[in-house]
Amino acid sequence: MPPPPGGWGPAPWGPPAGEEPRQRLHPLSPALHGAKSLVVVIAGLSWSTLSRVGFGWFAALVAVFVLGATVLSVISWWNTGYHVVGRELRVHEGLLWRRTRAIPLERLQAVEVVRPLLAQLTGLAELRLEVVGGGKTEAPLAYLSVAEAAALRQRLLAVAGRAPAPAPTAATGATGVPAATAPAGRPLHAVRNQDLLVSQLLTPQAFLLPLGVAFVVAQFLSEGSWSFVAVASTLTAMAGVVLQPIRRVLDDWSFRLDADGDTLRVHNGLLETRVQTVPLRRVQTVGVTWPLLWRMKGWLRLRLEVAGYSAGEPDDRNRPDRLLPVGDAGTGELVVAEVLPGVRLDALPGTPPPVRARWLRPLTRAAVGAGLDERVFVARSGLLTRRLTLVPYARIQSVRVTQGPAQRRLRLATVHADTAGGAGAAAVDRDLGDAWELAAELTARAQAARADRSA
């Protein structure tokens, strides 16, 4: 019997009456998990094992481990199912000890479709969810077909946004959405890969790397030390220096930003492609950065802070904070206006701390500042790398006034505007009286903005 058009057939145990059938992952999922296990096994056995046991026994060990991992992957795939029940995504897994994870979709922060290299070669994708208060990314459904992943993402966002999700029909299948890939939305901006490469060349790592190589070569030539350990350690150190800009290029390759109703959709990646969907109502702050070497080309970078995004996620590439990896001032204005309507980067207020704050900030007093725009709280910082943080008043959760020992002697204070995302923004080293006035005004504007939203 052929599988239904919405998935790969129900899981081996049936759902209660009235619930939609549970769907399995793609049949190629065990093969992809087995291929990843092969790499881990070979790396774990290492070359020292090969030299001790010989190639034949080494190959046999690898085959046994890979066969065992593949069998476990097949059993895991056979007993894994998922479906949407009401306003929850339920994931069922386990053989001897069955487990069901129920993920409330009203707490959904972001949904992304990730395609690692092996998934790209096989036409598959992985769906990842981020929810409020989660310790890590939830429900990594690996793997689904690209069309099924896009359709499931569309349905989950519809349920999370309290929009009516389409009912299952013969044309849509059991997932409740069309099997075809969802429309791309309204294009906002696409970053040229050439600009991305140049932006990473204009970093301290790229400028200092030739000096580091010249120093190492000169040291080797003067001491005559070309041992394997010395060369390997040097190459490892240099690789660590260039790893960050290389990873940024790979992660942000073919970056494209689309708007789809009240959500943003980010497409990026070369070896691992990603499609991240972030509801605009979850955006807490927008950060603007002008690195020193970028300013001669008039470039900037934009980042988002999303409420409740899991701080326990070890890989920062999973963070849905990319808004614009590199762009000019005009592009920055366009993107910021999409996220924060009515806000203009070239017309934001800001006043520096009083003159006596130079005792605490002899070099950076003129570079920091704060101000109240009609729609957002503005905080500036940074001397070599300039930073600007924009916090919509409706996103402010609390307002704090703090004083350190030196600030008390100078009658200064710092005003913090905290958000659900955790970072927020701060007006540093303000006059004590002005700080309390600013805190009161921020509290009043935050209450008024939340009242307008709930009205």
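L300 is not listed as a side-chain neighbour of W294, based on a closest heavy-atom distance of 4.5 Å or more. L340 is not listed as a side-chain neighbour of R375, based on a closest heavy-atom distance of 4.5 Å or more. A 4.5 Å side-chain heavy-atom check between M296 and L202 finds at least one atom pair inside the cut-off. Side-chain contact check for T285 versus T419: some heavy-atom pair is nearer than 4.5 Å. Residues Q120 and T273 are in side-chain contact: their nearest non-hydrogen atoms beyond the backbone lie under 4.5 Å apart. You'll find the side chain of L372 reaches within 4.5 Å of the side chain of L438, heavy atoms only. For the pair L257/L323, a side-chain contact is recorded, criterion being any heavy-atom separation below 4.5 Å from C-beta on.
R153 approaches V275 most closely through the heavy-atom pair NH1-CG1, 2.8 Å.
Residues D431 and R356 are paired through a salt bridge, judged by an N-O separation under 4.0 Å between the basic side chain and the carboxylate. With salt bridges taken as basic N to acidic carboxylate O contacts below 4.0 Å, one links R186 and E338. A salt bridge links R322 with D251: at least one charged nitrogen is closer than 4.0 Å to a carboxylate oxygen.
Atom CZ of R344 sits in a sparse spot, with 12 or fewer heavy atoms from other residues, nucleotides or ligands closer than 6.0 Å. Within 6.0 Å of the CZ atom in R386, the count of heavy atoms belonging to other residues, nucleotides or ligands does not exceed 12.
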